[in-house]
2 protein chains.
Amino acid sequence: MPSHRSLLPPSLTAMKRHILLYGLLAGGLIALLKVVEYRYLVVTHSVEIYGGLVAALFAGLGIWLGVTLTGRPERIVVKEVPVVVQAPATFVADPARREALGITKRELEILKLMAAGMSNKEIADQIFVSENTVKTHASRLFEKLGARRRTQAIHTAKGSGLIP
Amino acid sequence: MPSHRSLLPPSLTAMKRHILLYGLLAGGLIALLKVVEYRYLVVTHSVEIYGGLVAALFAGLGIWLGVTLTGRPERIVVKEVPVVVQAPATFVADPARREALGITKRELEILKLMAAGMSNKEIADQIFVSENTVKTHASRLFEKLGARRRTQAIHTAKGSGLIP
DNA sequence: CAGAAAATCATACCAAAGGGCGACTGCGAA
DNA sequence: TTCGCAGTCGCCCTTTGGTATGATTTTCTG
């Protein structure tokens with residue numbers, strides 16, 4: 001069960017804190033001005049000074065508030081930097097081309113191992129079948145690829161995008 | 001020759017414009033308040049309302065100023081744009097790699113034809129030599145490539161960049 | 001030019017590759 | 001259940017590939 005801290009999002013709680021602070025400051029300032037007003041200003045200066053003082057104070061406060069409270073949404077400037085990426089050495093194309101030629105998964109598997117330079121015996125040992133089975137798969141593979149030799153099969157398979 | 005627009009950076013000119021605007025607004029407001037003061041407020045309300053009005057106005061102005069003037073900080077997000085570089089379909093590398101392995105030109109020629117799926121006999125007919133000669137070249141080629149079969153030779157040769 | 005390297009060819013032998021045929025099993029679609 | 005496909009395996013035979021060895025010729029290169 002997730003911990004219960006606040007149902008309000010953090011930005012809202014922060015704003016609440018700021019508003020409270022603002023109110024307190026405003027109250028304090030007004031009280032201060034009240035005191036000042038009756039002690040010196042009204043007797044020696046005009047209302048303009050009083051207004052200017054208040055204006056300056058609240059302008060400053062507003063600026064601070066504007067900068068602080070409205071958690072400035074940073075402008076995200078996306079700088080696009082070209083990065084040279086090596087062409088996909090991965091090679092992903094399989095199913096479509098394979099099926100188009102009627103080549104089974106097993107046959108393709110043998111094709112890949114053949115292309116890796118393995119003999120029929122090595123392939124047989126690798127995939128745990130007899131050498132005869134590998135030969136059978138290879139034969140059918142050659143037929144489907146129109147090849148008479150394994151080297152030719154590899155060559156045309158590469159041309160067809162069956163193998164990298 | 002570059003065009004002469006302004007010697008000041010754009011941010012400074014913008015700030016100047018803002019300050020000017022601020023001054024004009026302040027002046028206008030004070031003038032407005034002056035008019036209002038002598039017409040209604042002084043006779044019907046106390047100084048508190050005047051001060052509050054000024055405070056509210058300048059606070060709002062300050063907020064607007066704070067938000068507007070201090071241009072929101074930019075966060076520069078570096079986005080890496082992948083540029084796919086097509087693998088060189090050209091393939092130019094020959095002499096260096098070939099010599100490094102001690103492979104002769106003739107042997108490389110036979111290697112390429114082998115990779116094209118040709119039989120020893122076909123290669124022999126192609127380059128007008130006997131099949132035995134092709135076999136000899138092939139044997140030495142395998143030895144230099146550390147291969148036991150032609151498919152393996154093709155595979156390792158491709159890995160060495162000898163053939164595309 | 002002499003020597004080395006490369007290219008050529010032959011003969012013999014063995015291993016690997018490939019084709020043809022038949023057979024069996026497991027699995028999924030009709 | 002039947003049918004067909006994919007996968008498996010064996011046997012026999014032919015072709016191709018690969019090694020070994022030796023020899024001759026061409027082509028560079030010092």
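Naming: A, B, ... by sequence-line order, numbering from 1 per chain. All values derive from a computational prediction rather than experimental measurement.
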Nearest heavy atoms of B:E109 and B:I127, plus distance in Å: OE2-CG2, 3.7 Å
Residues, nucleotides or ligands: over 12 heavy atoms within 6.0 Å of A:E143 CD: no
base_contact_polar (D:dC9 base, A:T136 side chain, donor-acceptor, <3.5 Å): yes
Which residue lies more 5' along DNA chain D, comparing A:K135 with A:K144 via nearest heavy atoms: A:K144
Heavy-atom check, side chain of B:F142 versus side chain of B:R150, under 4.5 Å: yes
B:L141 CG to C:dA6 C1', straight-line distance once rounded to whole Å: 14 Å
Options C:dA7, C:dG18, D:dG7, nucleotide nearest the side-chain atoms of B:H137: C:dA7
B:K105 NZ - C:dT8 P separation (whole Å): 13 Å
Under 4.0 angstrom between A:R106 side-chain N/O and D:dT8 OP1 or OP2: yes
A:S139 side chain near C:dG19 phosphate (N/O to OP1/OP2, under 4.0 Å): yes
Distance test, side-chain N/O of B:N120 to OP1/OP2 of D:dT16, below 4.0 Å: no
Below 4.0 Å: OP1/OP2 of D:dT16 and any side-chain N or O of B:S119: no
Residue-phosphate contact under 4.0 Å: A:R148 side-chain N/O, C:dG18 OP1/OP2: no
D:dG17 phosphate, OP1 or OP2, under 4.0 Å from B:R150 side-chain N/O: yes
B:R106/B:V129 under side-chain contact (heavy atoms from CB on, under 4.5 Å): CA gap, chis, key distance, verdict: CA-CA 11 Å; B:R106 199 58 157 171; B:V129 295; 3.7 Å; yes
Contact under 4.0 Å: B:T133 side-chain N or O vs C:dA10 OP1/OP2: no
Nearest-nucleotide pick for B:N132, side chain only, options being C:dA10, C:dG18, D:dG7: C:dA10
